Amino acid sequence: MSKIEYVHHEGARVGYRDDGVGKPLVLIHGTGGDGEVNFAGLLPYLSGRRLLRPDYAGSGLTEDATEVLTLDHLVKQVIAAADHAGLDRFDLAGFSLGSAVAVRLAALYPGRVDRLVLIGGFIEGADPRSRLQFGLWADLARRDPAALARLMMLMGFSHAFLAGIADMEAVATDMVSGGNWEGVARQAELDPRVDVSRDLSLIRAPTLVIGNRCDQMVDPAASTTLAAGIAGATLAWLEGPHLALMEQPDAAAELLLRHLAD
């Protein structure tokens with residue numbers, strides 16, 4: 001059972017999960033996810049590490065009524081959780097939108113991040129396809145969460161993974177009942193405004209970029225571009241969709257641990 005903690009920061013109640021002992025690793029979730037949904041499958045493979053999983057505005061444990069989110073706002077919430085947990089320096093991994101949060105954090109606080117991992121990330125979300133996708137997500141999150149839950153499953157997981165789910169309607173129903181859909185909408189509205197292009201040259205931490213070769217949510221080429229923009233970064237691939245991190249936590253953990261152990 002994870003230890004759940006809360007810290008009050010700039011009018012928000014920021015929640016995070018704190019597991020294990022050892023060198024700390026902070027894990028930042030993606031749009032529509034939270035620290036539990038995106039990373040629970042990784043935990044069995046990351047024994048020997050202290051794992052901090054903060055939920056930023058719009059997700060999970062965190063209560064924050066901020067209407068228009070910014071990347072810096074989310075970064076401050078992650079730092080507030082790390083401070084509250086007593087972490088001075090830590091390894092850092094971000095997934096999807098969490099990758100952009102991690103990039104900005106590593107650029108603004110280079111003295112606090114030892115090693116960096118970016119999974120399924122992107123530099124900016126203003127291209128026409130991304131604007132179409134994230135606009136649809138925001139619209140459906142407010143009008144028809146059940147449709148968005150099905151769409152996210154369809155686009156996020158592989159055919160083989162979905163074929164192994166006996167009752168997909170039950171999974172979608174659980175997603176709807178457990179989701180903060182207004183929060184998802186606000187996160188989706190942030191995605192097209194993301195631009196971390198100026199942050200890349202400021203990153204000093206040794207960086208691993210993990211792309212998903214069959215990604216239908218984020219162009220796999222974005223991982224190549226992301227790695228090329230960070231001095232000395234290494235690029236590796238998961239053979240799966242955007243949510244390969246959740247489908248193949250063992251493969252994701254192997255790449256992650258290899259980089260963190262270097």
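Residues: numbered from 1 along the sequence shown. Everything numeric in this text was worked out from a predicted model, so none of it was measured.
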Practice problem: Report whether V78 and V113 are members of the same hydrophobic cluster (ILVMFWY, side-chain heavy atoms less than 4.5 Å apart, transitive linking). | Solution: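 Yes, it is one cluster - the side chains of V78 and V113 are joined through contacts under 4.5 Å.
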Quiz prompt | same_hphob_cluster(V103, L71) at 4.5 Å side-chain heavy-atom cutoff | solution =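 Result: yes, single cluster for both.
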Can a donor-acceptor pair be found, under 3.5 Å and without considering hydrogens, that links the side chain of [X] to the backbone of [Y]?
{"X": "E247", "Y": "S158", "value": "yes"}
{"X": "T173", "Y": "E169", "value": "yes"}
{"X": "H29", "Y": "Y56", "value": "yes"}

Quiz item: Would you say the side chains of T66 and D64 form a donor-acceptor pair under 3.5 Å?
Solution: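 Short answer, yes.
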Practice problem: Look at E5 together with R17 and state whether they make a salt bridge at an N to O cut-off of under 4.0 Å. | Solution: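 No, E5 and R17 are not salt-bridged.
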Quiz item: Salt bridge or not for K23 and D91, using N-O below 4.0 Å?
Solution: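 Looking at D91 together with K23, the answer is yes, because their closest N to O distance falls below 4.0 Å.
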Contacts under 3.5 angstrom, residues 226-237 side chains, donor-acceptor by atom type, not counting sequence neighbours:
none

Quiz prompt | Test log, rule side chain to side chain contact (heavy atoms under 4.5 Å, CB included), inputs R186 and V68 | solution = CA-CA 7 Å; R186 287 181 283 140; V68 179; over 6 Å; no
Quiz prompt | Check against side chain to side chain contact (heavy atoms under 4.5 Å, CB included), R53 and E36 | solution = CA-CA 8 Å; R53 293 178 287 158; E36 179 69 7; 2.8 Å; yes
Quiz item: Relative to each other, are the rings of W137 and F134 parallel, tilted or perpendicular (30° and 60° limits)?
Solution: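 Ring orientation of W137 relative to F134: perpendicular.
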